[in-house]
Amino acid sequence: MAALQPVRGTHDLFPEEYRRHRQVVETARAVSARAGYGEMALPIFEFTDVFQRTLGETSDVVTKEMYTFEDRGGDRITLRPEATAGVARALISGGLSQDLPLKVFVSGPMFRYERPQKGRLRQFHQIDIELMGVAEPLGDVEVIAVGAQILEALGVLDRTTLEINTLGDGESRTAFRDALVDYLSAHRSALSEDSRERLDRNPLRILDSKNEEDRRIVEGAPAFGDYLNATSRDFFAAVLGGLDSLGIAYTLNQRLVRGLDYYCHTAFEFTTTDLGSQGAVLAGGRYDGLVSTMGGPATPGVGWAGGIERLAMLAGDPDPAPRPIAVVPIGEAAAAVALPLAHRLRAAGFVAELGYRGNLQRRMKRANKIGARAAVIMGDDELAADSATVRDLDSGEQEQVALGALQDYLGRFR
RNA sequence: GUGGGCGUAGCUCAGGCGGUUAGAGCACCAGAUUGUGGAUCUGGGGGUCGGGGGUUCAACUCCCCUCGCCCACCCCA
């Protein structure tokens, strides 16, 4: 299109819609703060290496989905596709491994170079918490519980399902992966083209295939549970036990997987069926190998990310904005008084709107349109009496009030 | 990246098997109402019919390309 338009997959958020986003972020910030997670800010871009190093063998594919470019100094830069790698990098470069556990809340824009669809933009927004330095299953429980409390506070928990699985520790996962690849290789010719490729690249993902024939084959595949060693089984049992004790409902889903090697133990997603095929609203897991993969000291970690757009679509309307008081002068003498009056009202904590032009009727229409709760009308008559006429725009009743008593009187409209 | 659907006013949409001034509702502006909003009535502004090219005497309409949106696939670190 010739006309000016935003870059594909990006979106303007005007105040009305942005309030829905703020509701999600503010709720998440407040709830996570009660569990001891402090908000931090991260750069919106990093050296490409920061993200690429966390992607391992699948990087060929995933790199194509990153927003990457070369800056003027010739450095390869990537707009962050998620927050976890940035937190891990900050932990390493900030020397924070001396001061664990690290408990942080992050929110803001993320970028992926993908074809947009419902709930999936190129610039999207996430909330995110990370708990680093805690190897105990209690950490997984806390992180999931905070997510559940946020969903509850947003009123969407009952429209989501918590799906959970364990990937076990490294030993278990390797054993399972080998068994799975053996099994699937025997059925290679029957797999879909996509899955034949996955078999080499990211075999666990085949468990999640939407292809019907694939699913038939997957039904006969080895089960993850059979390959878990005692350590892994105990860990998972402890996580589930913690959730049980908190009354957090979950569904075991053995097809819920993560492709990369540093993931281990718990993987979970809060999903919904209300958003088409982009069903995950808040998802995460344990990543004990991440920090060392990036070159830092071995540091366990667990966390999640939630999609703000998706959560905002599910959540109800946010609390309405406070309704303004409209200051309505009639004539120039009154206008000279109205300006400082509106200023004083704002200083006193009122939301005050002073129109910019127009006669009384015009200004009253405007006051109605912006949803003003009351109008403070001032003309020559009121000025002469050092007063203003205050009209309740809901009831239509009005009363003349001395300027000295005005703020007090307007208190009823807060 | 692949496949499908859709682009007409700020918004939601109608329309014409190619024909001269392109419509409605809502929204906006003005007036009825020169010190009173919401309701009603009257009038008004606003469109290169997404963009480019082609066919034609004539294209918003047909054809091709392109951009964008939506849906599914892929991907989901």
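Both backbone and side-chain heavy atoms feed into the values below; hydrogens, waters and symmetry mates do not. Note that the structure is predicted; figures quoted are calculated from it, not measured.
- OP1 or OP2 of B/C76 sits under 4.0 Å from a side-chain N or O of A/Asn202.
- The residue among A/His11 and A/Ser209 whose nearest nucleotide of RNA chain B is located toward the 5' end is A/His11.
- At a threshold of 4.0 angstrom between heavy atoms, the contacts of A/Asp394 include nucleobase atoms, whether or not backbone atoms are also involved.
- A/Gln126 and A/Ser107 form no side-chain donor-acceptor contact under 3.5 Å, judged by distance and modelled atom types alone.
- Residue A/Arg362 is in sugar-phosphate contact alone, with no base atom involved, counting any heavy-atom pair closer than 4.0 Å across all strands shown.
- Between the side chains of A/Tyr409 and A/Glu399, at least one donor N or O lies within less than 3.5 Å of an accepting N or O.
- Across all strands shown, B/C62 forms a Watson-Crick or G-U wobble pair with B/G54, both key distances being under 3.5 Å.
- Across all strands, A/Arg112 comes closer than 4.0 Å to base atoms (heavy-atom distances).
- One interatomic measurement links the two molecules: CG of A/Leu360 to P of B/G38, which rounds to 12 Å at whole-angstrom precision.
- A/Arg363 comes within 4.0 angstrom of nothing in the nucleic acid, heavy atoms only.
- When both distances must be under 3.5 Å, the Watson-Crick or G-U wobble mate of B/U21 does not exist.
- Regarding A/Lys365, its NZ atom lies at a distance of 11 Å from the C1' atom of B/U40, rounded to whole Å.
- For B/C75, the base has a donor-acceptor partner in the side chain of A/Arg120 [N/O atoms by modelled type, under 3.5 angstrom].
- The partner of B/G3, taking Watson-Crick or G-U wobble pairs whose two distances both stay under 3.5 Å, is B/C71.
- Among the heavy atoms of the strands, none lies under 4.0 Å from A/Glu193.
- In this structure the side chain of A/Tyr183 never reaches within 4.5 angstrom of the side chain of A/Ser185, judged on heavy atoms.
- Taking atom CD of residue A/Gln361 and atom C1' of nucleotide B/U34, one finds them 10 Å apart after rounding to whole Å.
- Regarding A/Arg8, its CZ atom lies at a distance of 12 Å from the P atom of B/U66, rounded to whole Å.
- Comparing B/U33 with B/C70, their C1' atoms are spaced 47 Å from each other, to the whole Å.
- Of all nucleotides present, none satisfies the Watson-Crick or G-U wobble test against B/G45 with each distance under 3.5 Å.
- Across all strands shown, B/U34 forms no Watson-Crick or G-U wobble pair with both distances under 3.5 Å.
- Close placement of the A/Phe224 and A/Phe176 rings is indicated, their centers lying within 6.0 Å of each other.
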| task | Carefully, step by step, assess A/Glu163 and A/Thr161 under the rule side-chain hydrogen bond (donor to acceptor under 3.5 Å, both in side chains). | result | CA-CA 6 Å; A/Glu163 300 183 37; A/Thr161 303; 5.8 Å; no
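- Along RNA chain B, the nucleotide closest to A/Lys369 and the one closest to A/Val257 are compared, and the more 5′ of them pairs with A/Lys369.
- No engagement by A/Gly331 is indicated, since no non-hydrogen atom pair under 4.0 Å with the nucleic acid exists.
- Nucleic acid contact class of A/Asp194 (heavy atoms, under 4.0 Å, all strands): sugar-phosphate only.
- When rounded to the nearest whole Å, the span between CD1 of A/Ile206 and C1' of B/C74 equals 14 Å.
- In this structure, B/C26 forms a base pair with B/G10, meeting either the Watson-Crick or the G-U wobble geometry with both donor-acceptor distances under 3.5 Å.
- For B/U36, its base sits under 3.5 Å from the side chain of A/Gln398 at one donor and acceptor pair at least.
- Residue contacts shown for A/Gly86 are absent, as no nucleic acid heavy atom lies under 4.0 Å away.
- When rounded to the nearest whole Å, the span between CD of A/Glu114 and C1' of B/A72 equals 15 Å.
- A/Arg198 and A/Ser195 are linked by a side-chain donor-acceptor pair at a separation below 3.5 angstrom, with hydrogens and angles left out of the test.
- Between the CG atom of A/Asp12 and the C1' atom of B/G10 there is a distance of 15 Å, rounded to whole Å.
- A/Glu171 and A/Asn229 share a donor-acceptor pair across their side chains, judged by distance under 3.5 Å alone.
- For the pair A/Glu65 CD and B/C76 P, the computed distance is 7 Å after rounding to whole Å.
- At B/A77, one or more side-chain N or O atoms of A/Arg205 fall inside 4.0 Å of OP1 or OP2 (strictly under the cut-off).
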